[in-house]
Amino acid sequence: MKNALRVNTSLSPDVRPGADLVQRARSATPTEIARRDLARYYAMLERAMRGLRDRFSVAELEALAYALGSMASVEAPELIYLVPATVEEAEQHERLCEQAGLDDCEGLLRRVRELSLAERYALVDAIGQYLELPRDQRGEEGWVSLGLRSS
């Protein structure tokens with residue numbers, strides 16, 4: 001038998017994602033649908049991540065991690081569309097760019113606004129992973145390891 005990663009969870013059929021699985025499970029089981037959809041999700045993240053590589057400098061990524069860190073830790077995927085507004089609010093209320101020493105704040109905000117929905121998911125996902133790294137593995141090394149910067 002092959003090695004397998006077992007993921008045990010129970011999902012309510014009345015709320016997301018359980019309700020989504022029930023709706024899609026016509027000729028397949030919810031487990032089969034979950035496996036398929038999870039593979040699609042990770043494929044989407046991988047493709048979007050490739051589009052994000054080197055789009056932001058290390059300093060910009062650190063600023064984005066600051067601005068979007070709480071979004072990365074909260075399970076509310078329906079709010080991912082708020083990524084640009086969240087970064088803009090961090091600039092407006094906390095002077096994000098000045099604190100991060102960024103010269104081209106408008107360029108950063110424009111590039112964040114231009115992100116596709118998939119790229120927003122990938123960015124927030126990567127920030128969540130980055131914030132879980134030990135502090136001595138953060139910085140450029142961390143962003144390279146996550147695929148947002150080339151070495």
Side-chain angles (χ1 to χ4, degrees), residues 1-91 94 96 100 102 107-151:
M1 181 177 168
K2 292 181 180 179
N3 289 337
L5 174 66
R6 180 163 297 281
V7 179
N8 292 322
T9 189
S10 296
L11 303 170
S12 169
D14 301 321
V15 295
R16 175 166 279 160
D20 298 314
L21 291 172
V22 169
Q23 180 184 8
R24 289 171 172 76
R26 292 190 176 86
S27 62
T29 68
T31 299
E32 291 168 329
I33 300 301
R35 186 179 300 122
R36 179 202 69 193
D37 289 355
L38 193 57
R40 288 177 177 172
Y41 173 73
Y42 283 116
M44 178 199 67
L45 285 181
E46 181 182 338
R47 183 166 177 90
M49 189 71 74
R50 285 194 304 263
L52 290 174
R53 180 167 300 178
D54 295 325
R55 191 175 301 184
F56 300 103
S57 69
V58 171
E60 289 171 334
L61 288 167
E62 294 292 333
L64 291 171
Y66 174 81
L68 299 171
S70 61
M71 186 176 279
S73 65
V74 175
E75 291 186 28
E78 62 277 3
L79 299 179
I80 206 75
Y81 75 94
L82 293 173
V83 163
T86 302
V87 175
E88 288 172 5
E89 285 178 8
E91 169 54 23
E94 301 179 63
L96 177 70
L102 302 177
L108 171 66
L109 297 175
R110 177 184 42 77
R111 282 179 278 130
V112 170
R113 283 190 299 269
E114 291 172 349
L115 293 175
S116 70
L117 185 60
E119 290 170 332
R120 292 174 190 181
Y121 273 106
L123 178 62
V124 170
D125 183 71
I127 288 170
Q129 292 179 62
Y130 179 79
L131 295 174
E132 293 291 322
L133 291 173
R135 290 208 178 271
D136 65 338
Q137 293 177 19
R138 292 187 188 178
E140 185 167 7
E141 174 189 350
W143 296 116
V144 169
S145 74
L146 293 170
L148 286 175
R149 297 289 304 164
S150 50
S151 51

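With Y130 contributing its side chain and G139 its backbone, the two residues share a donor-acceptor pair below 3.5 Å. At distances below 3.5 Å, at least one donor-acceptor pair connects side-chain atoms of E91 with backbone N or O atoms of L96. The closest donor-acceptor contact from the side chain of R24 to the backbone of I33 lies at 3.5 Å or more, if one exists at all. With hydrogens and angles ignored, the 3.5 Å screen pairs no side-chain donor or acceptor of Y121 with any backbone N or O of Y41.
The structure places CZ of F56 at 11.0 Å from CG of L102, a figure rounded to the nearest 0.5 Å. Between the OG1 atom of T31 and the CG atom of L21 there is a distance of 8.5 Å, given to the nearest 0.5 Å. Note that the CD atom of E140 and the OG atom of S145 stand 11.0 Å from one another [nearest 0.5 Å].
Sparse packing is recorded around CZ of R135, with 12 or fewer heavy atoms of other residues, nucleotides or ligands lying under 6.0 Å away. Atom CZ of R47 is surrounded by 12 or fewer heavy atoms from other residues, nucleotides or ligands within 6.0 Å. Counting heavy-atom neighbours within 6.0 Å of E132 CD, excluding the residue itself, gives a total of 12 or less.
Taking both residues in full, the closest heavy atoms of L64 and I127 are given as O-CD1, 3.7 Å, listed atom of the first, atom of the second, then distance. In this structure, A118 and A48 approach most closely via the heavy-atom pair O-CB, 3.5 Å. Nearest heavy atom pair, residue V144 against residue S151, reads CG1-CB, 4.0 Å. Heavy atoms only, all atoms of each residue included: A67 and A90 are closest at CB-CB, 3.8 Å. Annotation for V112 and P84: closest pair CG1-CA, 3.7 Å, computed over non-hydrogen atoms. Smallest separation of non-hydrogen atoms from R53 and R149: CG-C, 4.3 Å.
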Task: Residues M71, I80; criterion side-chain contact (heavy atoms from CB on, under 4.5 Å); working and verdict - done: CA-CA 8 Å; M71 186 176 279; I80 206 75; 4.3 Å; yes

Open item on the list: Checking L148 against L123 for the side-chain contact (heavy atoms from CB on, under 4.5 Å) test, could you report, in this order, the C-alpha distance in whole Å, the side-chain angles of both residues, the deciding distance, and whether it holds?
Closed with: CA-CA 8 Å; L148 286 175; L123 178 62; 4.3 Å; yes

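For R138, the salt bridge (Lys or Arg N to Asp or Glu O under 4.0 Å) criterion is met by no residue, not counting sequence neighbours.
Annotation: side chain of E141 is not in contact with side chain of D136 (no heavy-atom distance under 4.5 Å). Under the 4.5 Å side-chain criterion, counting only non-hydrogen atoms from C-beta, T86 is not in contact with L79. L61 has its side chain out of reach of Y66: every pair of non-hydrogen atoms, C-beta onward, lies at least 4.5 Å apart. You'll find the side chain of E114 stays beyond 4.5 Å of the side chain of E119, heavy atoms only.
Using a 4.0 Å cut-off between charged side-chain N and carboxylate O, R36 and E32 make no salt bridge.
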